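For this chain, numbers begin at 1 and follow the sequence in order. Treat the numbers as computed from the prediction; the structure is a model and nothing was measured.
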Amino acid sequence: MITLNIHVNFIYGWYSLRSIKVFVNDVFHSKIDARGAHSFQIPTNAKKITFTLGVIKPYITTVCISEEHLNSNELFVGLYLHHRGLLLSLYDSLKKDYLRSKVLTKESFNTFFKDIYQQEVIVLADRKMAVLTLILSVLIFVFSIVQQQNDWAPLAFLLSLSTMISTLVHFNDKVIEKLTFKTRVFTAIASFILSALFLENSFLYLRFIIVMFTLTLFMIYLKEVQNREVNV
């Protein structure tokens with residue numbers, strides 16, 4: 001018999017009240033809680049282990065057993081969720097491979113709970129990006145009100161207002177998850193470019209000013225990402 005050691009580590013404790021079914025060679029073997037460490041015996045002729053979470057369209061992941069594991073009579077497996085940040089969590093959860101498995105060593109098994117969700121974060125040096133984003137949002141906001149005769153101005157108004165609110169909410173953030181930071185910046189850039197198209201170019205090269213501010217924002221973003229990445 002082979003001892004199968006499983007460590008279930010789901011971020012934020014998601015699905016912790018659910019159960020995971022374990023299949024050995026496609027035959028149901030047992031059921032475990034979707035949290036913590038588990039250990040039990042499986043047959044020596046086992047070739048693969050499949051884990052499923054859920055009933056309707058369950059998440060499925062499979063681990064293949066090698067000769068090395070058979071010789072050592074012990075197998076360490078970590079189960080986790082394919083989490084890429086809160087912004088993408090809903091999209092990722094719609095995929096069948098949201099549940100992931102990983103063959104571990106005995107040493108990595110003991111630290112699996114803190115290593116698997118190690119994230120890259122950006123430590124911002126100052127509030128340059130927030131200030132620049134806020135200034136540009138206010139500029140677009142004002143001109144979207146001034147251009148009453150422009151049928152597209154309301155769209156620029158809504159885009160600038162949403163960007164302004166988002167910037168104010170996160171104005172004091174200094175440590176940001178890299179993916180979240182990237183999403184915020186590119187959302188703001190897309191908003192500014194669309195606003196430049198919606199507004200009439202009627203005052204001192206307005207579109208040129210918006211585009212130049214947007215390019216400056218992008219350059220600051222690149223500098224922040226290159227110089228201030230930290231793993232946590």
Side-chain angles (χ1 to χ4, degrees), residues 2-24 26-42 46 48-65 69 74-124 165-187 225 228-232:
I2 302 172
T3 302
L4 174 61
N5 301 285
I6 305 171
H7 198 148
V8 184
N9 184 12
F10 291 169
I11 194 165
Y12 305 130
W14 289 346
Y15 304 105
S16 60
L17 299 179
R18 306 280 291 276
S19 296
I20 297 173
K21 292 180 180 179
V22 183
F23 296 82
V24 178
D26 295 324
V27 177
F28 177 75
H29 182 275
S30 57
K31 187 184 290 187
I32 60 175
D33 293 334
R35 62 185 182 276
H38 309 272
S39 181
F40 49 84
Q41 302 291 314
I42 60 174
K48 69 174 183 177
I49 306 169
T50 302
F51 304 93
T52 66
L53 174 64
V55 179
I56 302 174
K57 293 185 178 180
Y59 304 125
I60 301 173
T61 184
T62 300
V63 170
C64 294
I65 302 177
H69 301 132
E74 200 163 25
L75 177 64
F76 298 91
V77 175
L79 296 179
Y80 63 100
L81 300 177
H82 180 48
H83 182 76
R84 296 185 295 166
L86 289 173
L87 290 172
L88 293 172
S89 59
L90 178 59
Y91 171 74
D92 288 336
S93 67
L94 297 176
K95 298 180 179 180
K96 257 193 167 184
D97 65 347
Y98 189 46
L99 175 65
R100 299 286 180 93
S101 56
K102 185 177 183 180
V103 177
L104 307 170
T105 64
K106 189 172 183 178
E107 292 73 21
S108 61
F109 182 82
N110 295 327
T111 59
F112 180 71
F113 70 96
K114 65 179 181 181
D115 290 345
I116 193 63
Y117 295 115
Q118 189 177 70
Q119 298 174 333
E120 283 185 328
V121 299
I122 305 294
V123 181
L124 301 178
I165 292 172
S166 175
T167 303
L168 288 171
V169 168
H170 301 288
F171 189 80
N172 292 318
D173 290 358
K174 286 191 174 182
V175 179
I176 310 173
E177 185 184 349
K178 184 180 178 181
L179 184 60
T180 302
F181 182 57
K182 180 180 179 180
T183 304
R184 282 186 205 167
V185 172
F186 280 91
T187 300
V225 170
R228 302 192 176 276
E229 289 185 16
V230 179
N231 290 328
V232 294

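Residue Lys57 qualifies as open at atom NZ: its count of foreign heavy atoms under 6.0 Å is 12 or below.
Nearest heavy-atom pair across Ile20 and Phe51 is CG2-CB, 4.0 Å. Residues Arg18 and Gly54 share a closest heavy-atom pair of NH2-CA, 3.4 Å. For the pair Leu75 and Ile2, the tightest heavy-atom approach, listed with the atom from each and the gap, is N-CG2, 4.3 Å. Of all heavy-atom pairs between Phe109 and Asn5, the closest is CE1-O, 3.7 Å. Nearest heavy atom pair, residue Leu124 against residue Asp173, reads CD1-O, 3.5 Å. Across Thr61 and Ser101, no two heavy atoms sit closer than the pair OG1-OG, 2.6 Å.
With contacts defined as side-chain heavy-atom distances shorter than 4.5 Å, the pair Ile6/Phe40 qualifies. A heavy-atom distance below 4.5 Å is found between the side chains of Arg100 and Asp97. Counting only heavy atoms from C-beta outward, the side chains of Leu99 and Phe10 approach each other to under 4.5 Å. Taking the side chain as every heavy atom from C-beta outward, Lys102 and Val77 never approach each other to under 4.5 Å. At least one side-chain heavy atom of Arg184 sits less than 4.5 Å from a side-chain heavy atom of His170. The shortest distance between side-chain heavy atoms of Ile42 and Ile65 falls below 4.5 Å.
Scored by the side-chain contact (heavy atoms from CB on, under 4.5 Å) test, Ser16 finds Arg35 as partners (sequence neighbours excluded). Under the side-chain hydrogen bond (donor to acceptor under 3.5 Å, both in side chains) criterion, Thr52 pairs with no residue, sequence neighbours left out. Remark: Lys48 engages Asp26 in a salt bridge (Lys or Arg N to Asp or Glu O under 4.0 Å) (not counting sequence neighbours).
A tilted orientation is assigned to the rings of His7 and Phe112, their planes being inclined by 30° to 60°.
Between atom OH of residue Tyr98 and atom OH of residue Tyr80 there is a gap of 12.0 Å, rounded to the nearest 0.5 Å. Going from atom OH of Tyr12 over to atom CG of Leu81 covers 11.5 Å, rounded to the nearest 0.5 Å. If you take NE2 on His29 and OG1 on Thr50, they are separated by 13.0 Å, rounding to the nearest 0.5 Å.
In this structure, the side chain of His38 engages the main chain of Asp33 through a donor-acceptor pair within 3.5 Å. In terms of modelled atom types and a separation under 3.5 Å, the side chain of Tyr59 and the main chain of Ser93 share a donor-acceptor contact.
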Verdict with reasoning, Gln41 to Thr3, per side chain to side chain contact (heavy atoms under 4.5 Å, CB included): CA-CA 5 Å; Gln41 302 291 314; Thr3 302; 2.9 Å; yes
